[in-house]
**Student:** 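My questions will all concern the structure given below.
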Amino acid sequence: GDGGGGQIRVTLVQGLAGEEFYETMACGARAKAKELGVTLDVQGPQKFDPTLQTPIVNSVVAGKPDAMLIAPTDVKAMIAPLTQAKRQDIKIILVDTVVEDQSIGLSRISTDNLKGGAAAAKALSEQIGGKGKALVISTDPGVSTVDARIKGFEEEIKASHPGITSLGVQYSHNDVGEASKIVNAALAKDPDLAGVFATNLNSATGAGSALQQAGKLGQVKMVGFDAGPAQVEQLKNGVVQALIAQLPGDIGAKGVEQAVAAVKGQQVTPSIPTEATIVTAGNVSRPEVQKVLYKAGC
Amino acid sequence: MAVPLIDARGIVKSYGQVEALRGADFSLRAGEVVALIGDNGAGKSTLAKILSGVERADGGTIEVDGEPVVFGAVEEARSAGIETVHQDLALCADLSPAGNFFLGRERLKPGLLGLFGVLDNAVMRRETQEACERLGVRLASQTAPVSGLSGGQRQGVAVARAVTWARRVVFMDEPTAALGVVQTRRVLDLIRTVRDSGVSVVLISHNMRDVMAVSDRVEVLRLGRRVARFATASVSMEELVGAMTGAIEQQESQG
Amino acid sequence: MAVPLIDARGIVKSYGQVEALRGADFSLRAGEVVALIGDNGAGKSTLAKILSGVERADGGTIEVDGEPVVFGAVEEARSAGIETVHQDLALCADLSPAGNFFLGRERLKPGLLGLFGVLDNAVMRRETQEACERLGVRLASQTAPVSGLSGGQRQGVAVARAVTWARRVVFMDEPTAALGVVQTRRVLDLIRTVRDSGVSVVLISHNMRDVMAVSDRVEVLRLGRRVARFATASVSMEELVGAMTGAIEQQESQG
Amino acid sequence: MKGVARLSGPQVVWIGLVLAGLLVTFAVLAPRSFPTSFNLLNLVSDAAILLLLATGMTFVIITAGIDLSVGGVLVFSAVAAAKVIDGTGSLALGAATAVVTGLAWGVLNGVLVALGRIPALIVTLGTLGMSLGGALLLTGGVDLRAPAELNLGLGLARWLGVPLIVWICAAITAALALTLAFTRFGRHTYAIGSNTEAARRGGVAVRKHLIKVYGLAGLLAGLAGHLSLAKYGITGVSAHSTDNLQAIAAVVIGGTSLFGGVGTVTGTVIGVFIPVVLQNGFQILGVRPFWQQVVVGAVLVAAVYVDQWRRRARDQ
Amino acid sequence: MKGVARLSGPQVVWIGLVLAGLLVTFAVLAPRSFPTSFNLLNLVSDAAILLLLATGMTFVIITAGIDLSVGGVLVFSAVAAAKVIDGTGSLALGAATAVVTGLAWGVLNGVLVALGRIPALIVTLGTLGMSLGGALLLTGGVDLRAPAELNLGLGLARWLGVPLIVWICAAITAALALTLAFTRFGRHTYAIGSNTEAARRGGVAVRKHLIKVYGLAGLLAGLAGHLSLAKYGITGVSAHSTDNLQAIAAVVIGGTSLFGGVGTVTGTVIGVFIPVVLQNGFQILGVRPFWQQVVVGAVLVAAVYVDQWRRRARDQ
Ligand SMILES: Nc1ncnc2c1ncn2[C@@H]1O[C@H](COP(=O)(O)OP(=O)(O)OP(=O)(O)O)[C@@H](O)[C@H]1O
Ligand SMILES: Nc1ncnc2c1ncn2[C@@H]1O[C@H](COP(=O)(O)OP(=O)(O)OP(=O)(O)O)[C@@H](O)[C@H]1O
Ligand SMILES: O[C@@H]1[C@H](O)[C@H](O)CO[C@H]1O
Ligand SMILES: [Mg+2]
Ligand SMILES: [Mg+2]
């Protein structure tokens, strides 16, 4: 960086600013940065969108930090700006998501969303006794993380849960009201709906509200993704029956560790896979599960 | 007798509940100045709009040179040689006087630039200025939009435009309403000049003195119908006012 | 001599490069009809707008009853009892005649409904109709928006409105430009009636006959300055035209 | 009769028939799923909160303005209410906070538009960013939960079988429809949109009125925030980015002109329901999601076309 | 001199000074990061594609219209191009497909607006849904990848150190700025927005012209789709939902009125860069994202306020 001998400067570029997963990741990263005595900046686009993330990466690179943690919003579209960053001698650590080009990212710390989706399918199947109609509510097509979860979910259903009929995916554009409308119409069409897989918070919230209004809470089972405070609250209130928790805080902290190691010329770990945990009302109070719940601010 | 240049019969036009024209007739011969008069709301402007292709009649027939026509669009009336000064002037407030004067007939630069549609603003400005000055209308700035012009200046631009482009007929709906004394006189002179060059003029005006001064004939509308027609030479101002207000009723006689 | 009702001195107003007023003076006494005349673009409408609070002058002073005033907004001029018929009429095209007539002074229903601000449309329609009919202006529909009115009908609404509400002064910028013969006569009569009731009238007009017929005094603007003032009784039409066009120059004499 | 005409205007008749036609069509095509009281109640309940936003937007657009900030103001107000309820335990105080916060944002919009004379699009784009960013700052980007008393109370309460939230939104919309049609406030709203300069010259206090109109839109967005907090149980910091476009579309479908001067709340109500009904109907018919987008778009254009075309025919 | 005035108009001067002021401020605050050729080149390169959309939008808005469909048309064209390149192997054919597809959507918009007389907002909201839905149908909801020859070719190519994509966008923008300012096509665009009825009475073929203007906007969106495919290497089916608002905001910041009749492409260029520079500058200064939203919103309003205020002062 600019300062040569000064403090190490690291920037975290989130996939999406203002989202619990990435905010928890930032919390984890900040705590670790403080511990290691490095400066951490956080930036992120307002949508999970490579055309919005590219200018941010460019601005960050112009500021020449020593290292950049980034959750790339597309496996391909982010290659070009990251290559530019690499050429400026910025150490790049990939967190949560990756790019296709294996030469980018000294270390890759990521959740397997495909696996997460499969876990969601297992959890839902368990909740509904392995049979009935299941609906998936997602945000928008083309968001790679969410798409991967859907893929994992559908593959798992097809492969191992023959009793479950998938009603397919409906898209809520990440709008709570839209998600609610979708579930309402689904209930009108299929009053015997058995389960819903909501791929993110807003989808789960809207779906939960519709089920609640229809008096179908608990009767129609729901599995959600991510385990922020709002989701955990939903779990406790019986709106959702299971959550797939990733480890965003850990990812952030490990990312900073790896970044600092890279800047100091120490050894880095090229690949660190992180786990997805199934959280249910039954296990939510256990300490090892408490640990994976996302933090509300820091 | 020659076929009339324009012959409209039984023109009907309603706007919602309001019947603006209830079977109005109108005719115009080549090279004459006809005054179209009537009380406020009689339907004069509506008739002028229909005869210049701006509005479509609900009923009735229009013949030009004895051939029935339906003006589907302004372009068709314009290509028949008809121009109009509308009562509401119909200028584009954000364009300059020259922009309005040449609207739809822009001059292009000579040569290659012209092929690309590049405007020759200098020429258009000059010609607009000349045409306005002929009417005694002075424009403080040639590039400022017409929204900044005084009422009379705007009217001057509209009159100059119509007169310049008309080849056969020019409708003038209250062309001097906002004009000064000198400018009004010039417009009346211009009407005569235009007529002498063979273009017919339809003058819509509430100023009976002007009507008497320049028209050859007068047609009177009342409540959407033609109620009288006169040769100007043989009518008095009182008779005109009487016909407009309904105090005098004249039998419709085919002219 | 009594203090003038309005006394404006050295009013200056520019729009970008264009100097509309270059130190214009104007004065008006209680109960008189003053005609403000001048060539197109002389600055008459601009002066009227400034004196009725619609525009702000760049320089100069305005006194009302001898007290200097700055009209920051139309409401201030209105609460001083000044109403205006603007040359461009300034009507809301989507509102009905009554909506325009009572704009800013709506009548509310009596009782509780009125407290909620509920309009008394029936009363407003009736009063509007009466006021228009007094001018001889017939409206086909009282509920249709004014965008459907003929030019003269619209002007009738605007004139009726200003005359009804004025308590001290009414500016009339070309109030008869679009009116029929009968309606024009009625407006001239009305100007006299209004004057007799103690309200001063400023008549802006290009019709010298009308000016001679109703005004007590004439003030002449030319290129943004007052160049002459006359008592109507002692001036000829030729002199007026001469003053407007600059053929006759009069020394400014303080009145 | 005149009163009815003023409330809805002739233009509303045709678009209302279009809506009726859609309802009938879906009822015929899916007789056992679409026209059930369950489904119709859901339709109404889904549309209720948007209705508030669209009603406020109707006033704004009739003045020839626009308000892009409604979604942000909604979220900000919901966050403020959640924080206050959390802090004080008082639901009433929370509701009041939401409404007052919304009003404050609206007044800010109004002041900038009316006194600053900045184009409404820019002002409200700016306050959209400011209110959304502000909400995120208050929450740290983490959605807040509504307290259970609110979510399970107002959020679920029904009266005569219809959710209380629907009653509230319907009552307010009706009151504002009457206000627009019959009061001086409404008259001045039309006057400003029809010809601001003429309204000014006529003595309408244009600036003050604009501040009130934007204030009203903000207030309604604030209230919508509170109701949305109650209904969905969450502040939804990332969930309202298309609220503005949805509300504007509803207003325009309902026959209000973006150029101001004309429009009715009744039209807007129909404009809110057309897309909602289309979406619900096509989903019930089992149209695949991507096709839904295509078909909803096409039918929307066709619906407004029928409306325009019938209106023109009538005018002839 | 007159030519320059026509190209930019007096209103552009002030907003241009605002942009200059922002650039200087950031250069002073971050002298080692902001005013580097690396950063400025990135700025330009990030803005290039939006510039095309905003330029088309400028023409549309000057006619008093609006085009919400640009993002959808962009995506649809990118998908069409990717499919054609995939099928034929010809990059040229792909580019032609994108442009023609965009043009076709634009002409559809124009026809519905001009002949159907449906409000432009509704038409383009409808075609936004139709084009996005259509793109998703074509791809099955999965982002298509651009072939490597395109992504690594046009996507990375430079001339004199500046990306080829920037040159293309700049050249087209410049040509259209000249067209708007100096040709009959531009004159008629202003005339229609200023007073459609007067333009019609004056003999301008209003409908035909509107179809051309919307066609142009569509064509530019199609080209933007191709360039975006080259630059990002993906069709971006979920990535363009805010393109319309970004383009409209740029146009309005640049001094074009939503009510038509006035505006310049030069203003739009400045209007594109103001938000881009603000965001870049604040990111470089390390302002946190939520604060950025707040501050960008506030500065945007302030910038346009300065512009309005200076303009008014000049007019006095
Ligand atoms: N677009 C319209 N919508 C509704 N009514 C209209 C429209 N145009 C004209 N009218 C009505 O038609 C009648 C005739 O109007 P027109 O403008 O032709 O009168 P006119 O003879 O020109 O009057 P004036 O001397 O006042 O200009 C009037 O009653 C007017 O209200
Ligand atoms: N808003 C404006 N913007 C620019 N110029 C203006 C504006 N208003 C008036 N002017 C200019 O000021 C001068 C005086 O205009 P004004 O309207 O006062 O003239 P007038 O005496 O009323 O003329 P007329 O008899 O034609 O109505 C004109 O040259 C006009 O172009
Ligand atoms: O879990 C997070 C999110 O929920 C987000 O929507 C996309 O990226 C993920 O990994
Ligand atoms: Mg007329
Ligand atoms: Mg004047």
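We use all heavy atoms of the structure for the numbers below, so side chains are in, but hydrogens, waters and symmetry mates are not. Chain A is the first sequence line, chain B the second, and so forth, proteins listed ahead of strands; every chain is numbered from 1.
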**Student:** Please walk me through it: do A/Lys76 and E/Asn151 pass side chain to side chain contact (heavy atoms under 4.5 Å, CB included)?
**Tutor:** CA-CA 10 Å; A/Lys76 190 152 183 186; E/Asn151 189 207; 4.0 Å; yes
**Student:** Among A/Met78, A/Gln14, A/Gln84, which residue has the highest count of heavy-atom pairs closer than 4.5 Å to chain E?
**Tutor:** A/Gln84
**Student:** If I take atom CG from residue E/Asp243 and atom OG1 from residue A/Thr51, how far apart are they, to the nearest 0.5 angstrom?
**Tutor:** 6.5 Å
**Student:** Contact between A/Lys47 and E/Ser241 at the side-chain level, heavy atoms closer than 4.5 Å - yes or no?
**Tutor:** yes
**Student:** Start with the C-alpha distance between E/Ile284 and A/Gln43, add both sets of side-chain angles, then the distance that settles side chain to side chain contact (heavy atoms under 4.5 Å, CB included), and finish with yes or no.
**Tutor:** CA-CA 10 Å; E/Ile284 286 184; A/Gln43 297 289 348; over 6 Å; no
**Student:** I'd like to know which of A/Thr11, A/Leu52, A/Asp74 tops the heavy-atom pair count under 4.5 Å against chain E.
**Tutor:** A/Asp74
**Student:** Looking only at heavy atoms, which two atoms of A/Ala62 and E/Ser33 are closest? And how far apart?
**Tutor:** O-CB, 3.3 Å
**Student:** Compare every heavy atom of A/Ser59 with every heavy atom of E/Asn280, then report the nearest pair and how far apart it is.
**Tutor:** ND2-OG, 3.1 Å
**Student:** How far apart are the closest heavy atoms of E/Gly141 and A/Pro141, and which atoms are they?
**Tutor:** O-CB, 3.6 Å
**Student:** Looking only at heavy atoms, which two atoms of A/Asp49 and E/Ser238 are closest? And how far apart?
**Tutor:** OD2-O, 4.4 Å
**Student:** Counting only heavy atoms closer than 4.5 Å, note whether A/Glu23 contacts chain E via side chain, backbone, both or neither.
**Tutor:** side chain
**Student:** Determine whether A/Lys64 and E/Phe38 satisfy the following criterion, side chain to side chain contact (heavy atoms under 4.5 Å, CB included), listing intermediate values before the conclusion.
**Tutor:** CA-CA 11 Å; A/Lys64 299 199 194 70; E/Phe38 174 80; over 6 Å; no
**Student:** Please classify the contact between E/Ala146 and chain A as side chain, backbone, both or neither, with a heavy-atom cut-off of under 4.5 Å.
**Tutor:** backbone
**Student:** Tell me, with the steps shown, if A/Thr54 and E/Lys231 meet side chain to side chain donor-acceptor pair (under 3.5 Å).
**Tutor:** CA-CA 11 Å; A/Thr54 300; E/Lys231 175 165 179 175; over 6 Å; no
**Student:** Contact part of E/Val287 toward chain A, heavy-atom cut-off under 4.5 Å: side chain, backbone, both or neither?
**Tutor:** backbone
**Student:** Closest heavy-atom contact between A/Asp41 and E/Gly286?
**Tutor:** OD2-CA, 3.9 Å
**Student:** I'd like to verify something: which residue of A/Ile56, A/Thr73, A/Val75 has the highest number of heavy-atom pairs under 4.5 Å with chain E?
**Tutor:** A/Ile56
**Student:** With a 3.5 Å distance limit and no angle check, can you tell me whether E/Gln283 reaches the backbone of A/Val57 through a side-chain donor-acceptor pair?
**Tutor:** no
**Student:** What part of E/Ala30 is in contact with chain A, defined as an atom under 4.5 angstrom from a non-hydrogen atom: side chain, backbone, both or neither?
**Tutor:** neither
**Student:** Tell me, side chain or backbone of A/Val61 under 4.5 Å from chain E's heavy atoms, or both, or neither?
**Tutor:** both
